[in-house]
J.: 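Would you mind keeping the following structure in view while I ask a few things?
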2 protein chains.
Amino acid sequence: MKTLLLNKEQVSSLICMSEVIGTVEEAYRAFNSKQVVQPGYIGIHLPPPRGEIDFKLGYCKANEMISMKASSGGFIDNPESHGVPNGMGTILLFDAQSCALICVMDGSLITGLRTGASGAVSVKALARKDAKKITSIGTGNQARMQIRAIKEIMKIEVIHAWDNNADTLARYKADIESEFGIPVVMAASKKEAVEQADILITTTRGKGTLVEAEWVKPGTHIVAIGTDQQGKQELDPEIFRNAKIVNDSIGQCTEKGETWHPLNRNIISQEDIHGEIGEILLGIKPGRENEDEITIFDSTGMAIQDNTTATRIYRNAVEGKVGTFFEFIE
Amino acid sequence: MKTLLLNKEQVSSLICMSEVIGTVEEAYRAFNSKQVVQPGYIGIHLPPPRGEIDFKLGYCKANEMISMKASSGGFIDNPESHGVPNGMGTILLFDAQSCALICVMDGSLITGLRTGASGAVSVKALARKDAKKITSIGTGNQARMQIRAIKEIMKIEVIHAWDNNADTLARYKADIESEFGIPVVMAASKKEAVEQADILITTTRGKGTLVEAEWVKPGTHIVAIGTDQQGKQELDPEIFRNAKIVNDSIGQCTEKGETWHPLNRNIISQEDIHGEIGEILLGIKPGRENEDEITIFDSTGMAIQDNTTATRIYRNAVEGKVGTFFEFIE
């Protein structure tokens with residue numbers, strides 16, 4: 001039995017963002033076609049200054065692969081004390097026909113890539129066709145990744161960006177302008193930035209309301225990325241009152257996503273959630289229905305996105321003869 | 001960052017049973033010293049003729065290692081259709097200081113080894129000092145593993161063995177006699193076998209009472225291995241009524257071990273459980289207190305046994321310069 005080993009550089013070279021957009025769509029469609037088994041994830045929290053490590057498991061019947069992603073984060077002393085990043089990842093792929101371990105790959109990059117792609121998938125399904133202006137609340141790595149993905153599927157005319165750290169904001173502007181040639185306006189206030197948005201992306205991992213309901217103009221599509229755990233929040237729950245609410249997984253979003261907040265405040269009930277993104281991709285439910293509605297995509301991230309993306313990377317590696325084989329059993 | 005890769009043959013060569021007995025004792029002591037974090041395991045069941053794959057996670061504060069064992073079983077068509085065993089395993093070890101992946105090893109052997117060792121640990125703590133005769137109900141791989149472990153810690157004079165399959169029983173006799181030089185009596189009935197026992201081992205994974213209460217003579221120590229899931233059973237629950245009941249984990253045994261059955265029938269209450277094996281090893285609770293009591297050790301298996309055993313294998317490999325390093329990240 002041969003197991004393919006792929007390091008971080010190989011993983012990076014084996015997939016491009018347009019492919020990840022495809023694998024994330026594949027994941028969402030499989031999820032809403034009853035082709036997915038995703039047990040609740042398990043994790044271990046270490047005492048500070050250490051962080052946590054989570055294990056996420058997904059089985060996709062469409063590709064007959066089982067994936068397990070171990071991902072750590074928040075080990076702030078790692079670079080200095082141990083010479084390794086503050087978060088790392090490993091993905092195992094098992095052939096679901098035999099449960100043979102067919103691949104062990106570095107998993108540092110996949111979470112960022114597939115989360116970026118999720119925003120782009122939602123833009124295709126829910127943003128206005130004439131959308132040109134993006135507002136980015138938060139300007140860290142995932143904010144960049146969102147742009148890297150969305151520029152694959154539309155022409156971005158300008159980005160209005162805001163961050164509470166002026167240096168981070170200036171670096172974002174410099175990076176985006178040099179890497180993608182998209183002009184970035186550094187907003188003086190969140191309000192000013194939000195009012196410009198055709199598409200509003202929040203990636204701050206904030207812990208309270210950052211975006212007020214009255215700032216959001218009709219027709220805006222909101223990509224809510226930062227809230228994937230209880231205790232995190234980015235949007236004024238009032239934004240949900242009259243919006244078209246789409247979740248990646250209703251189970252996850254109502255428990256620990258941005259959608260939890262308006263539910264908790266009784267601003268909406270579960271019936272007010274329009275549906276899951278996979279239902280829109282499958283044509284079971286409509287996407288945007290007019291130019292004026294505010295749409296919200298709440299993305300908490302699913303193991304099955306790792307599964308379909310890692311499977312594509314594995315297949316590309318086999319096809320391109322990239323990687324090293326190791327025999328764990330003969 | 002370097003990750004050590006160990007294949008099945010290397011794992012096998014890197015640890016001996018007497019060391020596993022030590023690592024299992026270490027695990028039990030850590031468990032009862034609040035040094036262990038073991039989230040509930042997650043698994044995926046595939047449709048027949050496929051089996052299941054489970055993921056078990058353990059963090060041991062005593063050795064600062066986090067282990068994840070993926071183990072599959074029940075893929076009955078694997079040898080013929082895929083050329084691989086019907087069950088396989090993989091263990092990841094993470095340094096809990098940084099969560100760096102320090103080792104990926106084949107995990108096919110560890111479950112069998114540490115389960116065998118658990119019986120021997122219980123024999124040391126609970127069997128009569130003059131015990132000489134073992135009765136084995138069930139004569140498969142784990143039945144052999146129990147003998148391999150117990151012979152490390154006592155002199156076995158004779159084994160009375162029973163199996164509902166005569167061929168399996170005959171092969172067990174031949175194997176045990178040639179490998180260990182211990183005479184095996186093939187019992188004509190379970191009753192005949194059980195009545196001979198100083199130590200009674202059940203490893204059948206049966207689904208009903210195999211051992212009647214009236215057959216068990218005073219002073220017997222019972223090693224109950226086969227029941228680790230709801231629906232499995234080997235012992236007449238009446239055996240528990242006046243026995244000293246010891247669990248590996250009370251949480252697990254009362255939910256899915258042999259101990260669940262007498263609880264469910266109100267033959268015992270939770271207070272009748274003497275304690276956990278780690279409490280005996282730590283001296284918090286007594287082991288056997290007289291020559292006449294019947295003692296039962298209910299072993300459901302814990303992730304932390306994989307953790308301490310895999311850690312020892314890893315340390316032996318590093319010391320002996322065995323294995324192959326791979327850099328998943330530079």
Side-chain angles (χ1 to χ4, degrees), chain A residues 1 3 5-9 11 37-47 50-53 55-59 61 64 66 68 70-75 77-78 81-90 92 94-101 104-108 324 326-330, chain B residues 1 3 5-9 11 37-47 50-53 55-59 61 64 66 68 70-75 77-78 81-90 92 94-101 104-108 324 326-330:
Chain A
M1 187 191 77
T3 301
L5 310 175
L6 296 171
N7 66 27
K8 185 175 172 182
E9 287 66 37
V11 167
V37 180
Q38 274 183 155
Y41 75 93
I42 48 179
I44 288 175
H45 292 257
L46 287 305
R50 291 183 276 174
E52 67 179 281
I53 181 165
F55 295 78
K56 287 185 180 159
L57 186 58
Y59 165 38
K61 296 177 192 177
E64 285 297 356
I66 293 168
M68 195 288 302
S71 62
S72 61
F75 287 72
D77 287 354
N78 267 5
S81 302
H82 304 286
V84 292
N86 59 21
M88 291 172 278
T90 304
L92 308 185
F94 300 88
D95 175 349
Q97 298 296 351
S98 64
C99 268
L101 176 67
V104 182
M105 71 176 73
D106 181 70
S108 310
T324 307
F326 186 82
E327 288 196 276
F328 284 102
I329 58 176
E330 282 191 5
Chain B
M1 186 190 79
T3 301
L5 309 175
L6 296 171
N7 67 26
K8 185 175 172 182
E9 289 65 38
V11 168
V37 179
Q38 274 183 153
Y41 75 94
I42 48 179
I44 289 175
H45 292 256
L46 286 306
R50 292 184 277 174
E52 67 178 281
I53 182 165
F55 295 78
K56 288 185 178 156
L57 186 59
Y59 165 40
K61 296 177 191 177
E64 284 296 355
I66 293 168
M68 195 289 302
S71 62
S72 61
F75 288 71
D77 287 354
N78 266 6
S81 302
H82 304 286
V84 293
N86 58 21
M88 291 172 278
T90 304
L92 308 185
F94 300 87
D95 176 348
Q97 297 295 352
S98 63
C99 267
L101 176 68
V104 183
M105 70 175 74
D106 182 70
S108 310
T324 307
F326 186 82
E327 288 195 276
F328 284 100
I329 57 175
E330 283 192 3

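Chain identifiers are assigned alphabetically (A, B, ...) following the order of the sequence lines, protein sequences preceding nucleic acid strands; residue numbering begins at 1 within each chain.
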J.: If you count heavy-atom pairs under 4.5 Å with chain A, which of B:Met68, B:Met105, B:Met1 comes out on top?
T.: B:Met68
J.: Which one, A:Glu9, A:Arg50, A:His82, A:Glu52, leads in non-hydrogen pairs under 4.5 Å with chain B?
T.: A:Arg50
J.: Find the one option among A:Ala96, A:Gly89, A:Pro39, A:Gly107 whose heavy-atom pairs under 4.5 Å with chain B are most numerous.
T.: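 That would be A:Ala96.
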J.: With a 4.5 angstrom heavy-atom cut-off, is it the side chain or the backbone of A:Phe75 that approaches chain B, or both, or neither?
T.: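 Contact with chain B involves the side chain of A:Phe75 alone.
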J.: At a heavy-atom distance under 4.5 Å, which candidate from B:Glu330, B:His45, B:Lys61, B:Glu64 has the highest pair count against chain A?
T.: B:Glu64
J.: Among B:Val104, B:Asp95, B:Asn86, which has the most heavy-atom pairs under 4.5 Å with chain A?
T.: B:Val104
J.: What distance do B:Phe94 atom CZ and A:Met88 atom CE have between them, rounded to the nearest 0.5 Å?
T.: 9.0 Å
J.: Under a 4.5 Å heavy-atom cut-off, does chain A meet the side chain of B:Gln38, its backbone, both or neither?
T.: neither
J.: Given B:Phe326 and A:Thr324, is the side-chain contact (heavy atoms from CB on, under 4.5 Å) satisfied, shown in steps?
T.: CA-CA 9 Å; B:Phe326 186 82; A:Thr324 307; 3.7 Å; yes
J.: Could you state the interatomic distance from SG (B:Cys99) to CD1 (A:Ile44), rounded to the nearest 0.5 Å?
T.: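 If we round to the nearest 0.5 Å, B:Cys99:SG and A:Ile44:CD1 are 8.0 Å apart.
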J.: Looking only at heavy atoms and a cut-off of under 4.5 Å, which of A:Asp77, A:Leu57, A:Val11 has the most pairs with chain B?
T.: A:Leu57
J.: Under 4.5 Å from any heavy atom of chain A, what part of B:Ser98 do you find: side chain, backbone, both or neither?
T.: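 For B:Ser98, the contact with chain A is made by backbone and side chain together.
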J.: With sequence neighbours left out, what residues match B:Glu327 under side chain to side chain contact (heavy atoms under 4.5 Å, CB included)?
T.: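 By the side chain to side chain contact (heavy atoms under 4.5 Å, CB included) rule, B:Glu327 matches B:Lys2.
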J.: Sequence neighbours excluded, which residues qualify as side chain to side chain contact (heavy atoms under 4.5 Å, CB included) partners of B:Ser108?
T.: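 With sequence neighbours excluded, B:Ser108 shows a side chain to side chain contact (heavy atoms under 4.5 Å, CB included) to A:Ile329, B:Lys8, B:Asp106, given in chain and number order.
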J.: Counting heavy-atom pairs under 4.5 Å to chain B, which of A:Leu92, A:Leu5, A:Ile66, A:Thr3 comes out on top?
T.: A:Leu5
